[in-house]
Amino acid sequence: MVVALKKNVSEEKRAQLIDWLGGMGIKVHVSEGEFTTVLGLIGDTTKVDKDLIESLDIVDSVTRVSEAFKCCNRKFHPEDTIIDVKGVKIGGGNFCMIAGPCSVETEEQIVAVAKAVKASGANMLRGGAFKPRTSPYDFQGLHARGLELLKIAREETGLPIVTEIMSTNDLPLFEDVDVLQVGARNMQNFEMLKELGKTDKPILLKRGLANTLKELLMSAEYIMASGNEKVMLCERGIRTYSDYTRNTMDISAIPMLHELSHLPVIADPSHATGMARLVPPMAMAATAAGADGLIIEVHNDPMHALCDGAQSLRPEEFDALSKKITAVREASLG
(Lines give C-alpha, C1' and ligand atoms only; values in the text may rest on other atoms or scores of the structure.)
Protein backbone atom coordinates (compact mmCIF):
# COMPACT_ATOMS: atom_id res chain seq x y z
CA MET A 1 0.00 0.00 0.00
CA VAL A 2 1.22 3.51 -0.87
CA VAL A 3 0.07 6.61 1.02
CA ALA A 4 0.75 9.97 -0.62
CA LEU A 5 0.69 12.88 1.83
CA LYS A 6 -0.46 16.39 1.07
CA LYS A 7 2.04 19.23 0.78
CA ASN A 8 3.36 20.94 3.89
CA VAL A 9 2.30 18.22 6.32
CA SER A 10 3.87 18.80 9.74
CA GLU A 11 6.48 16.40 11.06
CA GLU A 12 4.32 15.82 14.14
CA LYS A 13 1.26 14.67 12.19
CA ARG A 14 3.35 12.50 9.89
CA ALA A 15 5.05 10.87 12.90
CA GLN A 16 1.67 10.19 14.49
CA LEU A 17 0.47 8.39 11.37
CA ILE A 18 3.66 6.34 11.13
CA ASP A 19 3.48 5.40 14.81
CA TRP A 20 -0.15 4.33 14.41
CA LEU A 21 0.72 2.14 11.43
CA GLY A 22 3.69 0.72 13.29
CA GLY A 23 1.38 -0.31 16.08
CA MET A 24 -0.35 -2.61 13.60
CA GLY A 25 2.95 -4.25 12.70
CA ILE A 26 3.33 -2.27 9.47
CA LYS A 27 6.80 -1.13 8.42
CA VAL A 28 6.76 2.31 6.80
CA HIS A 29 9.25 3.43 4.18
CA VAL A 30 9.35 7.22 3.82
CA SER A 31 10.26 8.72 0.44
CA GLU A 32 10.49 12.50 0.32
CA GLY A 33 10.26 13.94 -3.17
CA GLU A 34 10.37 17.50 -4.41
CA PHE A 35 6.59 17.85 -4.51
CA THR A 36 5.20 15.12 -2.28
CA THR A 37 6.02 12.66 0.48
CA VAL A 38 5.16 9.01 -0.07
CA LEU A 39 4.75 6.42 2.67
CA GLY A 40 5.31 2.85 1.53
CA LEU A 41 3.48 0.41 3.79
CA ILE A 42 5.22 -2.96 3.99
CA GLY A 43 3.74 -5.99 5.73
CA ASP A 44 0.26 -7.41 6.10
CA THR A 45 -1.77 -4.40 4.94
CA THR A 46 -5.05 -6.34 4.80
CA LYS A 47 -5.73 -5.13 8.34
CA VAL A 48 -5.29 -1.49 7.29
CA ASP A 49 -8.54 0.38 6.61
CA LYS A 50 -7.88 2.15 3.30
CA ASP A 51 -10.95 4.37 3.59
CA LEU A 52 -10.00 5.45 7.10
CA ILE A 53 -6.51 6.52 6.02
CA GLU A 54 -7.89 8.34 2.97
CA SER A 55 -10.18 10.31 5.24
CA LEU A 56 -7.27 11.81 7.19
CA ASP A 57 -6.71 15.50 6.44
CA ILE A 58 -2.98 14.99 5.80
CA VAL A 59 -3.48 12.23 3.20
CA ASP A 60 -3.78 12.96 -0.51
CA SER A 61 -4.31 9.42 -1.83
CA VAL A 62 -3.98 5.73 -0.95
CA THR A 63 -3.13 3.02 -3.48
CA ARG A 64 -2.88 -0.73 -2.97
CA VAL A 65 0.14 -2.25 -4.70
CA SER A 66 -0.30 -5.71 -6.17
CA GLU A 67 3.37 -6.44 -6.90
CA ALA A 68 5.19 -8.68 -4.44
CA PHE A 69 8.25 -6.41 -4.40
CA LYS A 70 7.75 -3.31 -2.26
CA CYS A 71 11.08 -1.82 -1.15
CA CYS A 72 12.47 -1.57 -4.68
CA ASN A 73 9.13 -0.57 -6.25
CA ARG A 74 9.01 2.89 -7.85
CA LYS A 75 5.45 3.31 -6.58
CA PHE A 76 6.86 3.33 -3.04
CA HIS A 77 9.84 5.50 -3.98
CA PRO A 78 9.07 7.75 -6.99
CA GLU A 79 12.46 9.48 -6.98
CA ASP A 80 15.53 7.70 -8.38
CA THR A 81 17.84 6.26 -5.76
CA ILE A 82 21.35 7.69 -5.90
CA ILE A 83 24.09 5.51 -4.43
CA ASP A 84 27.34 7.14 -3.36
CA VAL A 85 30.48 4.99 -3.45
CA LYS A 86 33.30 7.07 -2.00
CA GLY A 87 32.22 10.12 -3.97
CA VAL A 88 31.18 8.23 -7.11
CA LYS A 89 27.44 8.68 -7.57
CA ILE A 90 25.28 6.18 -9.46
CA GLY A 91 21.67 6.80 -10.45
CA GLY A 92 19.48 9.87 -10.75
CA GLY A 93 21.28 11.10 -13.86
CA ASN A 94 24.74 10.16 -12.58
CA PHE A 95 26.64 7.73 -14.82
CA CYS A 96 29.50 5.46 -13.78
CA MET A 97 32.02 3.40 -15.69
CA ILE A 98 33.26 0.27 -13.91
CA ALA A 99 36.18 -1.39 -15.68
CA GLY A 100 38.92 -3.92 -15.07
CA PRO A 101 39.91 -7.52 -15.69
CA CYS A 102 37.67 -10.52 -15.19
CA SER A 103 40.10 -11.86 -12.61
CA VAL A 104 42.98 -10.43 -10.64
CA GLU A 105 46.15 -12.24 -11.72
CA THR A 106 49.20 -10.29 -10.53
CA GLU A 107 49.94 -6.96 -8.85
CA GLU A 108 51.53 -5.68 -12.04
CA GLN A 109 48.48 -6.61 -14.10
CA ILE A 110 45.78 -5.14 -11.87
CA VAL A 111 47.69 -1.90 -11.18
CA ALA A 112 48.47 -1.39 -14.88
CA VAL A 113 44.85 -1.95 -15.89
CA ALA A 114 43.56 0.26 -13.07
CA LYS A 115 45.78 3.16 -14.15
CA ALA A 116 44.78 2.71 -17.78
CA VAL A 117 41.02 2.62 -17.22
CA LYS A 118 41.15 5.57 -14.84
CA ALA A 119 42.99 7.61 -17.46
CA SER A 120 40.17 6.73 -19.87
CA GLY A 121 37.39 7.88 -17.55
CA ALA A 122 36.52 4.85 -15.42
CA ASN A 123 35.08 5.71 -11.99
CA MET A 124 35.51 2.29 -10.36
CA LEU A 125 37.72 -0.76 -10.73
CA ARG A 126 36.33 -4.27 -11.17
CA GLY A 127 38.31 -7.45 -10.69
CA GLY A 128 37.49 -10.97 -9.56
CA ALA A 129 39.32 -12.46 -6.58
CA PHE A 130 36.84 -15.31 -6.13
CA LYS A 131 35.75 -16.75 -9.49
CA PRO A 132 32.74 -19.05 -9.95
CA ARG A 133 33.62 -21.19 -12.96
CA THR A 134 31.57 -23.78 -14.81
CA SER A 135 34.51 -26.17 -14.86
CA PRO A 136 36.25 -27.15 -11.60
CA TYR A 137 39.52 -27.24 -13.54
CA ASP A 138 39.42 -23.57 -14.57
CA PHE A 139 41.19 -20.76 -12.71
CA GLN A 140 39.18 -20.01 -9.55
CA GLY A 141 40.86 -16.74 -8.57
CA LEU A 142 43.51 -15.72 -6.05
CA HIS A 143 40.96 -15.37 -3.24
CA ALA A 144 42.29 -13.36 -0.26
CA ARG A 145 45.49 -12.49 -2.12
CA GLY A 146 43.41 -11.14 -4.99
CA LEU A 147 41.53 -8.84 -2.62
CA GLU A 148 44.82 -7.49 -1.31
CA LEU A 149 46.00 -6.77 -4.85
CA LEU A 150 42.75 -4.91 -5.56
CA LYS A 151 43.39 -2.75 -2.51
CA ILE A 152 46.90 -1.99 -3.78
CA ALA A 153 45.41 -0.90 -7.12
CA ARG A 154 42.93 1.30 -5.24
CA GLU A 155 45.78 2.93 -3.31
CA GLU A 156 47.61 3.58 -6.59
CA THR A 157 44.61 5.09 -8.40
CA GLY A 158 41.95 6.07 -5.87
CA LEU A 159 39.35 4.00 -7.73
CA PRO A 160 36.75 2.26 -5.52
CA ILE A 161 36.82 -1.52 -6.04
CA VAL A 162 34.01 -3.83 -7.11
CA THR A 163 34.43 -7.58 -6.66
CA GLU A 164 32.26 -10.67 -6.36
CA ILE A 165 31.46 -12.42 -3.12
CA MET A 166 30.49 -16.09 -3.35
CA SER A 167 29.89 -17.01 0.28
CA THR A 168 28.86 -15.14 3.41
CA ASN A 169 31.60 -17.08 5.19
CA ASP A 170 34.03 -14.78 3.37
CA LEU A 171 32.38 -11.54 4.54
CA PRO A 172 35.22 -10.71 6.98
CA LEU A 173 37.62 -10.68 4.02
CA PHE A 174 35.43 -8.11 2.24
CA GLU A 175 35.30 -5.53 5.03
CA ASP A 176 37.47 -3.10 3.04
CA VAL A 177 35.80 -3.73 -0.35
CA ASP A 178 33.73 -0.81 -1.65
CA VAL A 179 31.03 -2.66 -3.66
CA LEU A 180 30.03 -6.31 -3.25
CA GLN A 181 28.97 -8.01 -6.45
CA VAL A 182 26.44 -10.85 -6.41
CA GLY A 183 27.03 -12.90 -9.54
CA ALA A 184 24.39 -14.37 -11.82
CA ARG A 185 24.76 -17.82 -10.27
CA ASN A 186 24.02 -16.46 -6.80
CA MET A 187 21.12 -14.16 -7.68
CA GLN A 188 18.72 -16.50 -5.90
CA ASN A 189 21.02 -17.51 -3.05
CA PHE A 190 18.47 -16.11 -0.63
CA GLU A 191 20.40 -16.81 2.56
CA MET A 192 23.35 -14.87 1.14
CA LEU A 193 21.08 -12.02 0.07
CA LYS A 194 19.61 -11.75 3.56
CA GLU A 195 23.09 -11.59 5.10
CA LEU A 196 24.19 -8.93 2.61
CA GLY A 197 21.09 -7.02 3.62
CA LYS A 198 22.57 -6.70 7.09
CA THR A 199 25.67 -4.95 5.76
CA ASP A 200 25.99 -1.28 4.90
CA LYS A 201 27.85 -1.87 1.64
CA PRO A 202 26.53 -1.13 -1.86
CA ILE A 203 25.51 -4.33 -3.65
CA LEU A 204 25.75 -4.90 -7.41
CA LEU A 205 23.12 -7.57 -8.08
CA LYS A 206 23.43 -9.36 -11.40
CA ARG A 207 20.46 -10.90 -13.18
CA GLY A 208 20.58 -14.69 -13.33
CA LEU A 209 21.22 -16.68 -16.49
CA ALA A 210 17.52 -17.34 -17.13
CA ASN A 211 15.69 -15.20 -14.61
CA THR A 212 12.81 -12.83 -15.18
CA LEU A 213 12.85 -9.16 -14.22
CA LYS A 214 10.39 -9.89 -11.43
CA GLU A 215 12.73 -12.53 -10.02
CA LEU A 216 15.62 -10.04 -10.17
CA LEU A 217 13.54 -7.46 -8.32
CA MET A 218 12.46 -10.02 -5.73
CA SER A 219 16.14 -10.82 -5.10
CA ALA A 220 16.78 -7.10 -4.61
CA GLU A 221 13.82 -7.13 -2.22
CA TYR A 222 15.55 -9.76 -0.06
CA ILE A 223 18.53 -7.45 0.40
CA MET A 224 16.46 -4.32 1.01
CA ALA A 225 13.95 -5.98 3.33
CA SER A 226 16.90 -6.99 5.51
CA GLY A 227 17.95 -3.35 5.86
CA ASN A 228 20.37 -2.52 3.03
CA GLU A 229 18.88 -0.12 0.48
CA LYS A 230 22.13 0.37 -1.47
CA VAL A 231 21.34 -1.99 -4.34
CA MET A 232 22.26 -1.65 -8.01
CA LEU A 233 20.62 -3.93 -10.56
CA CYS A 234 22.75 -5.36 -13.36
CA GLU A 235 21.58 -6.61 -16.76
CA ARG A 236 24.28 -9.04 -17.93
CA GLY A 237 22.51 -11.05 -20.60
CA ILE A 238 20.27 -14.08 -20.37
CA ARG A 239 20.34 -17.51 -21.97
CA THR A 240 18.18 -17.78 -25.09
CA TYR A 241 18.10 -19.76 -28.33
CA SER A 242 20.87 -17.65 -29.86
CA ASP A 243 23.97 -19.72 -30.59
CA TYR A 244 26.26 -16.95 -31.83
CA THR A 245 26.79 -15.03 -28.60
CA ARG A 246 27.54 -16.16 -25.06
CA ASN A 247 24.20 -14.76 -23.87
CA THR A 248 21.54 -12.43 -25.23
CA MET A 249 21.69 -8.88 -23.90
CA ASP A 250 18.21 -7.76 -22.95
CA ILE A 251 18.39 -4.05 -23.75
CA SER A 252 14.66 -3.68 -23.12
CA ALA A 253 15.26 -4.69 -19.49
CA ILE A 254 16.97 -1.36 -18.82
CA PRO A 255 14.01 0.99 -19.42
CA MET A 256 11.62 -1.62 -18.01
CA LEU A 257 13.57 -1.84 -14.76
CA HIS A 258 13.60 1.95 -14.54
CA GLU A 259 9.84 1.94 -14.92
CA LEU A 260 9.37 -0.69 -12.23
CA SER A 261 12.06 0.34 -9.77
CA HIS A 262 13.89 3.37 -8.42
CA LEU A 263 17.18 1.47 -8.17
CA PRO A 264 20.14 2.24 -10.49
CA VAL A 265 20.58 -0.10 -13.45
CA ILE A 266 24.05 -1.13 -14.66
CA ALA A 267 24.69 -2.95 -17.96
CA ASP A 268 27.36 -5.60 -18.52
CA PRO A 269 27.97 -5.98 -22.27
CA SER A 270 31.07 -8.13 -21.71
CA HIS A 271 29.27 -11.13 -20.19
CA ALA A 272 26.19 -10.52 -22.32
CA THR A 273 28.05 -11.09 -25.59
CA GLY A 274 31.24 -12.95 -24.72
CA MET A 275 33.01 -11.26 -27.64
CA ALA A 276 35.19 -8.17 -27.36
CA ARG A 277 34.14 -6.85 -30.78
CA LEU A 278 30.47 -6.81 -29.70
CA VAL A 279 31.07 -4.99 -26.42
CA PRO A 280 31.23 -1.43 -27.88
CA PRO A 281 27.93 -1.53 -29.82
CA MET A 282 26.12 -3.18 -26.90
CA ALA A 283 27.62 -0.69 -24.44
CA MET A 284 26.43 2.22 -26.56
CA ALA A 285 22.99 0.66 -26.98
CA ALA A 286 22.66 0.15 -23.22
CA THR A 287 23.72 3.74 -22.60
CA ALA A 288 21.17 5.05 -25.09
CA ALA A 289 18.51 2.88 -23.40
CA GLY A 290 19.11 4.70 -20.12
CA ALA A 291 21.62 2.60 -18.18
CA ASP A 292 23.07 4.36 -15.14
CA GLY A 293 26.46 2.81 -15.78
CA LEU A 294 28.48 0.11 -17.49
CA ILE A 295 30.70 -2.66 -16.14
CA ILE A 296 33.25 -3.67 -18.75
CA GLU A 297 36.09 -6.15 -18.75
CA VAL A 298 39.48 -4.71 -19.68
CA HIS A 299 42.74 -6.65 -19.78
CA ASN A 300 46.20 -5.51 -20.85
CA ASP A 301 46.91 -8.88 -22.49
CA PRO A 302 43.62 -10.63 -23.36
CA MET A 303 45.34 -13.41 -25.32
CA HIS A 304 46.96 -14.64 -22.11
CA ALA A 305 44.17 -13.81 -19.65
CA LEU A 306 43.41 -16.54 -17.13
CA CYS A 307 39.68 -15.85 -17.43
CA ASP A 308 37.37 -14.55 -20.19
CA GLY A 309 40.05 -13.06 -22.42
CA ALA A 310 37.79 -13.33 -25.46
CA GLN A 311 35.37 -10.73 -24.10
CA SER A 312 37.97 -8.35 -22.66
CA LEU A 313 38.86 -5.05 -24.30
CA ARG A 314 42.42 -3.82 -24.48
CA PRO A 315 43.06 -0.52 -22.66
CA GLU A 316 43.23 1.40 -25.94
CA GLU A 317 39.91 -0.14 -27.03
CA PHE A 318 38.32 0.87 -23.75
CA ASP A 319 39.65 4.40 -24.22
CA ALA A 320 38.01 4.62 -27.65
CA LEU A 321 34.76 3.22 -26.27
CA SER A 322 34.76 5.68 -23.37
CA LYS A 323 34.81 8.58 -25.83
CA LYS A 324 31.89 7.08 -27.74
CA ILE A 325 29.91 6.58 -24.54
CA THR A 326 30.40 10.24 -23.70
CA ALA A 327 29.07 11.18 -27.13
CA VAL A 328 26.04 8.89 -26.75
CA ARG A 329 25.21 10.38 -23.37
CA GLU A 330 25.52 13.92 -24.68
CA ALA A 331 23.21 13.04 -27.57
CA SER A 332 20.72 11.33 -25.26
CA LEU A 333 20.65 14.24 -22.83
CA GLY A 334 20.74 16.88 -25.53
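Keep in mind it's a predicted model, so treat the numbers as computed, not measured.
Screening Asp200, Thr199, Asp84, Thr81 for a side chain to side chain donor-acceptor pair (under 3.5 Å) involving Lys230 leaves a single residue, Asp200. Shown are Val162, Leu204, Leu171; of these, the side chain to side chain contact (heavy atoms under 4.5 Å, CB included) with Leu180 is made only by Leu171.
Between Leu17 and Leu21 there is a side-chain heavy-atom pair separated by less than 4.5 Å. Considering only heavy atoms from C-beta on, Leu216 comes within 4.5 Å of Leu233 through its side chain. For the pair Met224 and Leu263, the minimum side-chain heavy-atom distance is below 4.5 Å. Put simply, the side chain of Lys75 does not reach to within 4.5 Å of the side chain of Thr63, judged on heavy atoms. A 4.5 Å side-chain heavy-atom check between Pro264 and Asp80 finds every atom pair outside the cut-off. The closest side-chain heavy-atom distance from Ile42 to Val28 is not below 4.5 Å. Side-chain atoms of Lys151 and Asp176, non-hydrogen and from C-beta on, do get closer than 4.5 Å to each other. A heavy-atom distance below 4.5 Å is not found between the side chains of Thr273 and Asn247.
Neither Ile266 nor Val177 shares a network with the other; the hydrophobic side chains, linked directly or stepwise wherever heavy atoms of I, L, V, M, F, W or Y lie under 4.5 Å apart, form separate groups for each. In the hydrophobic cluster analysis, where Ile, Leu, Val, Met, Phe, Trp and Tyr join through side-chain heavy atoms closer than 4.5 angstrom, Leu213 is grouped together with Phe69. Linking ILVMFWY residues whenever their side-chain heavy atoms come closer than 4.5 Å, directly or via other members, places Val182 and Leu147 in the same cluster. Criterion: ILVMFWY side-chain heavy atoms under 4.5 Å apart, direct or through other members. Under it, Val113 and Leu159 are part of a common hydrophobic cluster. No chain of hydrophobic side-chain contacts below 4.5 Å, direct or via other Ile, Leu, Val, Met, Phe, Trp or Tyr residues, connects Met282 to Ile296.
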Problem set entry | side-chain contact (heavy atoms from CB on, under 4.5 Å) assessment of Val30 paired with Glu32 | CA-CA 6 Å; Val30 181; Glu32 296 193 43; 4.0 Å; yes
Exercise. When you look at Thr45 and Lys47, which way does the side-chain contact (heavy atoms from CB on, under 4.5 Å) test go after all the steps?
Worked result: CA-CA 5 Å; Thr45 59; Lys47 64 182 76 172; over 6 Å; no
Exercise. Which is it for Val328 and Ser332 under the side-chain contact (heavy atoms from CB on, under 4.5 Å) test, yes or no, and what are the steps along the way?
Worked result: CA-CA 6 Å; Val328 170; Ser332 299; 4.0 Å; yes
Problem set entry | Residues Lys194, Glu191; criterion salt bridge (Lys or Arg N to Asp or Glu O under 4.0 Å); working and verdict | CA-CA 5 Å; Lys194 286 188 283 188; Glu191 291 305 313; 2.9 Å; yes
Problem set entry | Step-by-step side-chain contact (heavy atoms from CB on, under 4.5 Å) determination, Leu39 to Val2 | CA-CA 6 Å; Leu39 306 182; Val2 175; over 6 Å; no
Problem set entry | salt bridge (Lys or Arg N to Asp or Glu O under 4.0 Å) evaluation trace for Asp60 with Lys6 | CA-CA 5 Å; Asp60 184 54; Lys6 293 178 180 177; over 6 Å; no
Exercise. Taking it one step at a time, do Lys131 and Asp138 satisfy salt bridge (Lys or Arg N to Asp or Glu O under 4.0 Å)?
Worked result: CA-CA 9 Å; Lys131 296 301 302 178; Asp138 289 337; over 6 Å; no
For this session: Carefully, step by step, assess Glu11 and Arg14 under the rule salt bridge (Lys or Arg N to Asp or Glu O under 4.0 Å).
Result: CA-CA 5 Å; Glu11 290 285 339; Arg14 187 176 77 175; 3.2 Å; yes
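Of the possible donor and acceptor atoms, none in the side chain of Gln311 sits under 3.5 Å from a partner among the backbone N and O of Asp308. At least one donor-acceptor pair closer than 3.5 Å links the side chain of Ser10 to the backbone N or O of Lys13. When atom types are taken as modelled, the side chain of Glu221 and the backbone of Lys70 share a donor-acceptor pair closer than 3.5 angstrom. Not a single donor-acceptor pair under 3.5 Å links the side chain of His258 to the backbone N or O of Val265. Side-chain atoms of Ser261 never come within 3.5 Å of backbone atoms of Leu257 as a donor-acceptor pair (strictly under, hydrogens ignored). Looking only at distances, a side-chain donor or acceptor of Asp268 sits under 3.5 Å from a matching main-chain atom of His271. Between the side chain of Glu215 and the main chain of Arg207, no donor-acceptor pair closer than 3.5 Å is present. A side-chain donor-acceptor contact under 3.5 Å links Arg74 to the backbone of Pro78. For the pair Ser226 (side chain) and Lys198 (backbone), a donor-acceptor distance under 3.5 Å is absent. Side-chain N or O atoms of Ser312 include none that pairs as donor or acceptor with a backbone N or O of His299 at under 3.5 Å.
Here the CD1-SG distance, from Ile295 to Cys234, works out to 6.0 Å after rounding to the nearest 0.5 Å. Note that the OG atom of Ser120 and the CD atom of Glu317 stand 11.5 Å from one another [nearest 0.5 Å]. A distance of 9.0 Å separates SG of Cys102 from CD of Glu164, quoted to the nearest 0.5 Å. Within the model, atoms SG of Cys72 and OH of Tyr222 stand 13.0 Å from one another, a figure rounded to the nearest 0.5 Å. Atom CG of Asn169 is separated from atom CE of Met192 by 9.0 Å, given to the nearest 0.5 angstrom. Atom CG of residue Leu294 and atom CD of residue Glu235 lie 12.0 Å apart, to the nearest 0.5 angstrom.
Ring orientation note: the planes of Phe174 and Phe130 are tilted relative to one another, at an angle of 30° to 60°. The aromatic rings of His77 and His262 lie parallel to each other, their planes meeting at an angle below 30°, with 60° marking the opposite boundary.
Nearest heavy atoms, Leu125 versus Ala153: CD2-CB, 3.6 Å. Closest approach of Glu105 to Cys307, counting heavy atoms only: OE2-N, 4.4 Å. Annotation for Gly128 and Thr163: closest pair CA-OG1, 3.9 Å, computed over non-hydrogen atoms. Nearest heavy-atom pair, Cys96 versus Asn123, reported as atom, atom and distance to 0.1 Å: CA-OD1, 3.2 Å. Of all the heavy atoms in Leu193 and Asn186, the pair that sits closest is CD2-O, 4.4 Å. When every heavy atom of Gly91 is checked against every heavy atom of Asp292, the shortest pair comes out as CA-OD1, 3.8 Å.
Around the NZ atom of Lys50, the shell of radius 6.0 Å holds more than 12 heavy atoms that belong to other residues, nucleotides or ligands. The environment of Asn8 atom CG is sparse: at most 12 non-hydrogen atoms of other residues, nucleotides or ligands sit within 6.0 angstrom. The number of heavy-atom neighbours closer than 6.0 Å to NZ of Lys89, taken from other residues, nucleotides and ligands shown, is 12 or below. Around the CZ atom of Arg239, the shell of radius 6.0 Å holds no more than 12 heavy atoms that belong to other residues, nucleotides or ligands.
Using modelled atom types, one finds a donor on one side chain and an acceptor on the other under 3.5 Å when comparing Asn211 with Gln188.
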